[in-house]
Amino acid sequence: MKIPTSPYSGGGISVVINPATGQAVGEVGLAGLVETDDAIARAAAAYPQWKALAPADRAQLLRDFAAAVDAHTDELAALEVLNSGHTISNAVWEAGNVKNVLTYYSAAPERHFGKQIPVAGGVDITFHEPLGVVGIIVPWNFPMPIAGWGFAPALAAGNTVVLKPAEVTPLTAMRLGELATAAGIPDGVFTVIPGKGSVVGDRFVTHPAVRKVCFTGSTDVGKNIMRGCADQVKRLTLELGGKSANIVFADADLEKAAASAPGSAFDNAGQDCCARSRILVQDSVYDRFLTLLEQSVKEFSVTDPNDPRAQMGPMITAKQKAAVQSFIDGADVAFTGAEVPADGFWLSPTVALPRSEADPVWTQEIFGPVVAVMPFKTEEDAIRMANDTEYGLSGSIFTNDIGRALRVARGVESGNLSVNSHSSVRYWTPFGGFKQSGLGRELGPDAPDSFSDVKNVFIATE
Ligand code: NAP
Ligand code: MG
C-alpha cells in the first residue's frame with residue numbers, strides 16, 4: 001500500500017506505527033511554524049475566489065470530491081486499519097461516512113438561505129457570510145469522520161480549510177487531501193498539515209487569518225484552545241470527552257440491552273467520546289443483566305482488525321494502553337472478554353464494578369475498553385446518577401415504557417440520546433455535548449450556519 005507523502009519537514013518526522021503489531025509502517029514529515037504559516041497564507045489567498053464561486057459550481061466540486069473518496073473507499077479503509085487498528089468493517093464505514101457527509105453538504109451551497117424580515121420603509125435581508133480560513137484539529141480516535149464533519153460543511157459554506165490530523169494518525173487525512181486536489185478542489189482551499197498539536201494546532205489558535213477553530217479531543221486541551229481563541233474572539237466548536245450512561249430499566253428487553261452493551265462500550269476499543277462507559281441497571285434485574293452481559297462480552301470478537309468478523313482491535317498507542325491499564329489495575333474487575341495478542345497495544349474488554357459513585361472507574365473518562373456497571377433503585381436515582389458528571393455527550397435508555405423513555409431522555413443532561421438502541425452519529429442530525437463535553441453542534445442541517453456569520457442589510461425604498 002502506498003503511504004501518502006508529506007511535503008513538510010520543518011517540524012521533524014513522525015514514525016507511524018501499526019497499533020495491531022507495534023511495527024513501524026512509515027514516516028511522515030511534520031510541518032514547522034514557517035510551513036504552517038505558509039499553508040495558512042495560501043488558504044487565505046484562496047478564500048476570495050472560493051467564496052465567490054457560483055453556488056452550483058462549489059456544490060459540483062464537493063460532489064466530485066465525494067466521488068473521489070467513494071472510488072478510493074477500499075484504499076482509505078486499508079490505510080485506517082494499518083494506521084489506527086480500526087476493524088475493517090468500521091474503516092469501510094468511516095470512509096463511506098466522509099463520502100456521505102461531503103454529498104450531504106454538497107447540497108448546501110444553493111440552499112444556505114438568509115431571511116427577509118418585514119420592516120417599515122425598506123427591505124431587510126440577511127446573509128450567511130463565510131468566515132475565511134477555518135482550522136480543524138482532529139484527534140486520533142476517528143481520523144476520517146471527524147475530519148469530514150469539519151471540512152465538508154466549512155467548505156460548503158464558502159470557507160477555506162486547513163486541517164491538522166493527530167500526529168499518530170495522519171495517513172487517511174493526508175490521502176483525503178490528495179483526493180481533493182485530484183478532484184479539482186483548487187489549490188489552498190483544503191490543505192492537510194501533519195504536525196504537532198503544540199505547533200500546528202496552536203498556530204490555528206494564534207494566527208489572525210484563521211477565523212474559526214474546530215477542535216475535537218481532550219477536555220483539557222479544549223479548554224486551553226478556548227482561552228486562546230478568546231484573544232481574537234475567534235469562533236470555536238469543541239467536541240470533548242464523555243462518560244455516558246446506558247440506563248437499563250427492569251421493564252426493558254434485557255436480552256437486547258445486554259447483547260448491544262458491548263458494542264456501545266467497546267467499539268473502537270472504547271476510544272470513543274460517545275462510549276456508553278457506565279451501565280446503570282435497575283436493582284431488581286441487576287444480577288440477571290450481569291449474567292447476560294458476561295455472555296455477550298465473552299462473545300465480542302477481538303481479533304486481527306483485517307478480519308471482517310472483528311468487532312474490536314487494539315488501542316491506539318502503548319501510552320494510551322498504559323493509561324487504561326492503570327484504571328483496570330485500580331478497579332474491581334467482574335470479568336473480561338476475549339484473550340488478546342501480546343504484540344501491539346491490545347486490551348481485553350473489561351467489566352468493572354465500582355466500589356462507590358466516587359470510584360475513578362465510574363467518574364473518569366477512561367477512553368479504553370472498560371465499562372463500569374452499577375445498580376440503581378428508582379427513575380429519579382438513575383437520572384441523578386447519569387447526570388453526576390461534568391460531561392454530557394451521549395447516552396442510552398432501555399425501557400418498554402414510552403413515557404419513562406421520554407421523561408428520562410429529557411432528564412439526562414446530554415446532547416445525544418437513544419432509546420432501546422445505541423444510535424451512532426447520523427450525519428444529518430445534530431451532534432454535540434452538554435456541559436464540559438463541548439460547545440456548539442456539528443452535522444445536521446444547520447452545520448453550515450456555524451461556519452458563517454449572519455449579516456443584516458437594510459435597503460431603504462423611500
Ligand atoms: P489531545 O491532546 O486533546 O489531542 C487532540 C488533538 O489536539 C490532536 O490533533 C493533538 O495534536 C491536538 N493538540 C494537542 N495539544 C494541542 C495544543 N496545545 N493546541 C492545539 N492542538 C493541540 O488528546 P490526546 O492526548 O491525543 O488524548 C488524550 C485523551 O483525550 C484521551 O484519553 C481521551 O480521554 C481524550 N480524547 C477525546 C477525544 C474525543 O473524541 N472527544 C478524542 C481523542 C482523545 P497531536 O496529538 O498530534 O500533538
Ligand atoms: Mg495530548
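Residue numbers start at 1 and run along the sequence shown. No experiment lies behind these values; they were computed from the predicted model shown. Counting starts at 1 for both ligands and their atoms, following the listed order.
In this structure, Gln271 does not count as a contact residue of ligand 1, since none of its heavy atoms falls inside 4.0 Å of the ligand. A heavy-atom separation below 4.0 Å is not found between Asn224 and ligand 1. Using a non-hydrogen distance threshold of 4.0 Å, Phe142 does not register as a contact of ligand 1. At least one heavy atom of Gly195 lies less than 4.0 angstrom from ligand 1.
The nearest heavy-atom contact from the protein to atom 19 (N) of ligand 1 is Gly197 O, 3.3 Å. For atom 41 (N) of ligand 1, the nearest non-hydrogen atom of the protein is Leu240 O, 2.7 Å. For atom 38 (C) of ligand 1, the closest heavy atom belonging to the protein is Phe367 CZ, 3.4 Å. For atom 11 (O) of ligand 1, the closest non-hydrogen atom of the protein is Lys164 NZ, 3.0 Å. Here the protein heavy atom with the shortest distance to atom 27 (O) of ligand 1 is Trp140 NE1, 3.7 Å. Protein heavy atom nearest atom 34 (O) of ligand 1, with residue, atom name and distance: Glu365 OE1, 2.8 Å. Distance from atom 9 (O) of ligand 1 to its nearest protein heavy atom, with residue and atom name: Val138 O, 2.8 Å. Given atom 40 (O) of ligand 1, the protein heavy atom at minimum distance is Asn141 ND2, 3.2 Å.
Of all the atoms in ligand 1, the ones that sit under 4.0 Å from a non-hydrogen atom of Glu239 are 41 (N).
Evaluated by nearest non-hydrogen atom to atom 37 (C) of ligand 1, the leading choice among Gly222, Ser437, Gly217 is Gly217.
Checking Arg384, Lys243, Arg278 one by one against Glu357, the salt bridge (charged side-chain N to carboxylate O under 4.0 Å, His left out) holds for a single residue, Arg384.
Not one N or O of Lys196 is nearer than 3.5 Å to an N or O of ligand 1, by distance alone. Polar contact with ligand 1: absent for Val221 (N/O pair, distance under 3.5 Å). At a 3.5 angstrom cut-off on N or O pairs, Cys273 does not count as close to ligand 1. In terms of N/O distances under 3.5 Å, ligand 1 is approached by Ser218.
Using a 3.5 Å distance cut-off with no hydrogens or angles, the side chains of Lys196 and Ser14 do not pair a donor with an acceptor. Trp428 and Asn100 form no side-chain donor-acceptor contact under 3.5 Å, judged by distance and modelled atom types alone. Side chains of Asn141 and Asn268: no donor on one and acceptor on the other come within 3.5 Å. A donor-acceptor pair shorter than 3.5 Å can be found between the side chains of Ser396 and Arg276.
Under the 4.0 angstrom criterion, atom 4 (O) of ligand 1 counts as lacking any protein heavy-atom contact. Note that atom 25 (O) of ligand 1 has no protein non-hydrogen atoms nearby, at separations under 4.0 angstrom.
Using a 4.5 Å heavy-atom threshold, the side chains of Ser244 and Cys274 count as separate.
With a 4.0 Å cut-off on non-hydrogen atoms, Thr216 touches ligand 1 through its backbone as well as its side chain.
Tyr105 has its ring centre no less than 6.0 Å from the ring centre of His112.
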Exercise for review: Go through the steps to decide whether Phe151 and Phe65 satisfy the test side-chain contact (heavy atoms from CB on, under 4.5 Å), and finish with yes or no.
Suggested key: CA-CA 12 Å; Phe151 70 65; Phe65 186 5; 3.7 Å; yes
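Cation-pi geometry between Lys212 and Phe451 is satisfied (NZ or CZ under 6.0 Å from the ring centre, within 45° of the ring normal).
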